[in-house]
Amino acid sequence: MASNKFEMILCIVNAGFSETVMDAAKEVGARGGTVIHARGTANKEAEQFFHITIQPDKEMVLILVPVEIKDDVLHAIYRSAGLKSEGQGIAFSLPVDDVVGLAKDAPKQEEPTENNVTADKTDKTAADTEKTEE
């Protein structure tokens with residue numbers, strides 16, 4: 001079984017605290033993330049159990065990190081925006097099986113060759129000829 005190289009960290013915080021989360025994550029090596037506006041649905045029982053007031057407007061921060069720094073990022077987020085802070089955030093991670101779109105994982109583009117250029121010119125010439133005949 002292959003080991004995962006990346007983890008997805010998801011952090012849910014009160015609206016307005018996504019920058020706090022990203023600043024903490026970047027300090028320990030994260031490169032960037034995605035913020036999604038969300039709404040919480042917790043009820044009064046949950047507020048009483050956790051002894052906090054739950055703000056309905058939330059922000060979800062998704063951060064893809066190498067598995068080696070996952071714990072550092074989670075702890076940094078907890079220190080700056082955890083449940084006992086104004087951000088009242090929770091964070092967790094999920095394993096990521098595959099990743100595409102990262103610069104080092106992107107496939108190399110084929111260099112133009114003489115054959116590719118010739119084929120391009122031939123196609124354009126044929127199309128131009130058809131237009132002229134009409």
Minimum side-chain heavy-atom gap [X]-[Y] below 4.5 Å:
| X | Y | answer |
| --- | --- | --- |
| Leu74 | Ser93 | yes |
| Asp57 | Asn14 | no |
| Leu83 | Ile90 | yes |
| Lys58 | Val13 | no |
| Lys5 | Pro66 | no |
| Leu10 | Met60 | yes |

About how many Å separate [atom2] of [Y] and [atom1] of [X], when rounded to the nearest 0.5 Å?
| X | Y | atom1 | atom2 | answer |
| --- | --- | --- | --- | --- |
| Lys84 | Arg79 | NZ | CZ | 15.0 Å |
| Glu19 | Ser80 | CD | OG | 12.0 Å |
| Phe17 | Ile77 | CZ | CD1 | 14.5 Å |
| Met22 | Cys11 | CE | SG | 10.5 Å |
| Tyr78 | Ser85 | OH | OG | 9.0 Å |

Kindly work out whether a path of hydrophobic side-chain contacts (I/L/V/M/F/W/Y, heavy atoms less than 4.5 Å apart) joins [X] to [Y].
| X | Y | result |
| --- | --- | --- |
| Ile9 | Val96 | no |
| Ile63 | Leu94 | no |
| Ile69 | Val61 | yes |
| Met8 | Val28 | no |
| Val65 | Phe92 | no |

Dump the intermediate steps for side chain to side chain contact (heavy atoms under 4.5 Å, CB included) on Glu59 and Ile36, then the final yes or no.
CA-CA 6 Å; Glu59 291 174 336; Ile36 301 171; over 6 Å; no
Grab the two heavy atoms, one from Lys26 and one from Arg31, that are nearest each other, plus how far apart they are.
CE-O, 3.8 Å
